[in-house]
Each structure stands twice: as structure tokens, then as C-alpha cells.
Amino acid sequence: GVRMRMEGREEMQGAVGLRCTWDIPPPAGTQAKWVRLNVGGTVFLTTRQTLCREQKSFLCRLCQGEELQSDRDETGAYLIDRDPTYFGPILNFLRHGKLVLDKDMAEEGVLEEAEFYNIGPLIRIIKDRMEEKDYTVTQVPPKHVYRVLQCQEEELTQMVSTMSDGWRFEQLVNIGSSYNYGNEDQTEFLCVVSKELYNSPNGLSSEPSHKAKVRSTLL
């Protein structure tokens, strides 16, 4: 009787040992459908099918267990030391094939992550969007602001030489001598200056700098 009890105990230990081995991920193909990813402390829940949409990506290789030995946290989620802010758009792109960004989210940040995870189609989409944006910004024609300043002949040189901050000398109109000092006639001029204002991407005109504003009021 004693011997049988011993054998029974050994069998039980064997069974416990077998159960423990499931803590190690089983070979590819037998793993569960759902995958947990811990990206920089934020946990994302997704499926193997989503992660493997882009076959060459780091995420696909990770969940197939190919040569990537990734650490896991206490819940069994794969640990990835990247910024979770930009991981949302990456995961959503794998889910539905579209790039959706919050208005405050920098495309450069998502591009950086897309390159890290090696998601080719997404990299191309972001680069195209960035190029398009650059193109539309450069296509906006500048607006011109003109100012007309009245000055005397002797003040002219000083005024033109002190113009800065994008103000450009356009035209000089002689309006004749209005009064004289002693025998000398002082010729008066109207001086036309202009400045280009470029439209920034958000549709607001860039203001002349504070220095330029101060100077124009002094003039």
C-alpha cells in the first residue's frame, strides 16, 4: 500500500510540473488569439491577426515567437520600451488600414515608431502626407503690407538704412519743398515701404516682429 501511495505522489508531481511549463509560451500556431502588449507602461490588447497584417513588421515577428526574445510583464504582456502615445495610431492602422491622428499629434513621432516597428505601408503614407503639407505651405503666396512715411531729404538716408525686419524700400515720391530753413529749401518726400506676410499653415498671417512694429510706429 505504501508503495502505491508513493507512485501516486510522483504522478501528481509530474502533473504539476507539466502544468508549469505552460508559463513558457507554447510554439507558434498553438498560442491564444489575443495578445497583450505593454508599450512603455501602457497595456494594449489586440489580436495576432491584427499584428500580423504586416508580415515583415517587428510586431508580427514578436507574436509568432520568431527569434525575438521579448521580456514579459507579470500579466504575460510583451514588454516594448517605446512611447505609448504614438502606438495607438500604429495599432489602428494595422486594424483598419487608415492613418488617423489627433490634431495635436506630430506626424514625425508616428513616423519614428512606424520605422521602429518596420511597417512599410504606414511609413510611405506618413511621408507622403508630410511632403504634401510642406508643398501646400510653400504654395501659399505672401501678402504685402505697405506703409507710406513722410520725411525730409536729410532724414531719408538714415531712415532707409535703419529699415530692417523684412521691410523693403519700394518707392520715393518727391512732394516738393514745403518750408525752408534760412536759404535752404528742404525737400519733402513720401517714402513707400513694404513687408511680406506669409500665411502659416493654420491660416493665420505671421505678424511682423515686435521690433518691426516699434520701428514703424517711430517712423
Side-chain angles (χ1 to χ4, degrees), residues 34-71 77-147 163-170 193-213 215-216:
W34 291 94
V35 184
R36 289 165 73 85
L37 301 168
N38 184 337
V39 183
T42 304
V43 175
F44 293 86
L45 189 62
T46 183
T47 65
R48 247 163 244 298
Q49 187 187 359
T50 296
L51 293 180
C52 290
R53 285 269 155 76
E54 184 50 41
Q55 295 288 320
K56 296 187 185 120
S57 77
F58 164 87
L59 295 165
C60 181
R61 286 164 53 212
L62 179 74
C63 70
Q64 285 180 340
E66 282 184 32
E67 86 263 6
L68 290 174
Q69 291 304 311
S70 176
D71 291 333
Y78 291 107
L79 283 163
I80 303 172
D81 183 20
R82 302 296 291 184
D83 188 339
T85 316
Y86 299 108
F87 189 69
I90 300 271
L91 193 53
N92 282 332
F93 175 77
L94 291 173
R95 284 170 176 152
H96 49 58
K98 290 180 191 155
L99 173 61
V100 182
L101 297 182
D102 292 343
K103 64 177 186 337
D104 300 330
M105 193 169 283
E107 282 169 344
E108 289 87 345
V110 185
L111 178 62
E112 188 67 38
E113 298 308 291
E115 285 175 342
F116 171 78
Y117 295 115
N118 192 29
I119 301 169
L122 181 55
I123 295 168
R124 283 192 292 280
I125 288 172
I126 301 172
K127 283 186 171 170
D128 286 352
R129 265 173 63 156
M130 284 165 75
E131 276 171 27
E132 215 171 272
K133 204 174 269 188
D134 287 347
Y135 181 74
T136 47
V137 169
T138 52
Q139 291 306 298
V140 176
K143 291 178 183 170
H144 282 81
V145 178
Y146 291 90
R147 288 226 164 93
M163 273 187 349
S164 67
D165 282 305
W167 286 101
R168 205 174 63 198
F169 181 75
E170 288 283 342
V193 294
S194 77
K195 184 181 173 71
E196 287 184 350
L197 279 190
Y198 286 91
N199 277 353
S200 54
N202 56 10
L204 300 168
S205 296
S206 55
E207 280 287 312
S209 71
H210 178 66
K211 195 169 147 195
K213 280 184 185 166
R215 175 158 292 133
S216 61

Checking Arg53 side chain against Leu94 main chain: does a donor-acceptor pair fall under 3.5 Å? yes
Please report the closest heavy-atom contact between Val39 and Pro84, naming both atoms and the distance. O-CB, 3.3 Å
Separation of Leu59 CG from Arg48 CZ (nearest 0.5 Å): 12.0 Å
Output the distance between atom OH (Tyr117) and atom CG (Leu122), rounded to the nearest 0.5 Å. 12.0 Å
Identify all side-chain donor-acceptor contacts of residues 100-107 below 3.5 Å with residues at least two apart in sequence or on another chain.
residue: Glu107; atom: OE2; partner: Arg129; partner atom: NE; Å: 3.1
residue: Glu107; atom: OE2; partner: Arg129; partner atom: NH2; Å: 3.3

Salt-bridge present (Glu131, Lys133; N to O < 4.0 Å): no
Closest non-hydrogen contact found for Trp34 with Leu45 is CE3-CG, 3.9 Å
Arg168 and Val193, any side-chain heavy atoms less than 4.5 Å apart: no
Walk me through whether Gln55 and Arg61 qualify under side-chain contact (heavy atoms from CB on, under 4.5 Å). CA-CA 8 Å; Gln55 295 288 320; Arg61 286 164 53 212; over 6 Å; no
What's the shortest heavy-atom distance between Gly41 and Asn38, and which atoms? N-OD1, 2.9 Å
Between the CD atom in Glu115 and the CZ atom in Phe58, the distance rounded to the nearest 0.5 Å is 15.5 Å
With rounding to the nearest 0.5 angstrom, report the OG1 to CG distance, Thr46 to Leu91. 4.5 Å
Other residues, nucleotides, ligands: >12 heavy atoms within 6.0 Å of Gln49 CD: no
Leu37 side, atom CG; Tyr78 side, atom OH - distance, nearest 0.5 Å: 8.5 Å
Please report the closest heavy-atom contact between Val145 and Trp167, naming both atoms and the distance. O-CZ3, 3.9 Å
So which heavy atom on Ile119 is nearest to which on Ser57, and how close? CG1-CB, 4.0 Å
So, do Ile125 and Phe93 sit near enough that their side-chain heavy atoms are less than 4.5 Å apart? yes
Evaluate side-chain contact (heavy atoms from CB on, under 4.5 Å) for Leu62 paired with Ile80, printing each intermediate quantity in order. CA-CA 10 Å; Leu62 179 74; Ile80 303 172; 4.1 Å; yes
With a 4.5 Å cut-off on side-chain heavy atoms, are Glu132 and Asp128 touching? no
Selection residues 79-100 - residue pairs positive for salt bridge (charged side-chain N to carboxylate O under 4.0 Å, His left out), sequence neighbours left out: Arg82-Glu113
Geometric class of the Phe87/Phe44 ring pair [parallel <30°, tilted 30-60°, perpendicular >60°]: perpendicular
Begin with the C-alpha distance, continue with both residues' side-chain angles, and end with the deciding distance and a verdict on salt bridge (charged side-chain N to carboxylate O under 4.0 Å, His left out) for Glu170 and Arg147. CA-CA 10 Å; Glu170 288 283 342; Arg147 288 226 164 93; over 6 Å; no
So, Glu54 side chain and Leu51 main chain: donor-acceptor pair closer than 3.5 Å or not? no
For Phe169, what residues pass the ring pair (Phe, Tyr, Trp, His ring centres under 6.0 Å) criterion, not counting sequence neighbours? none
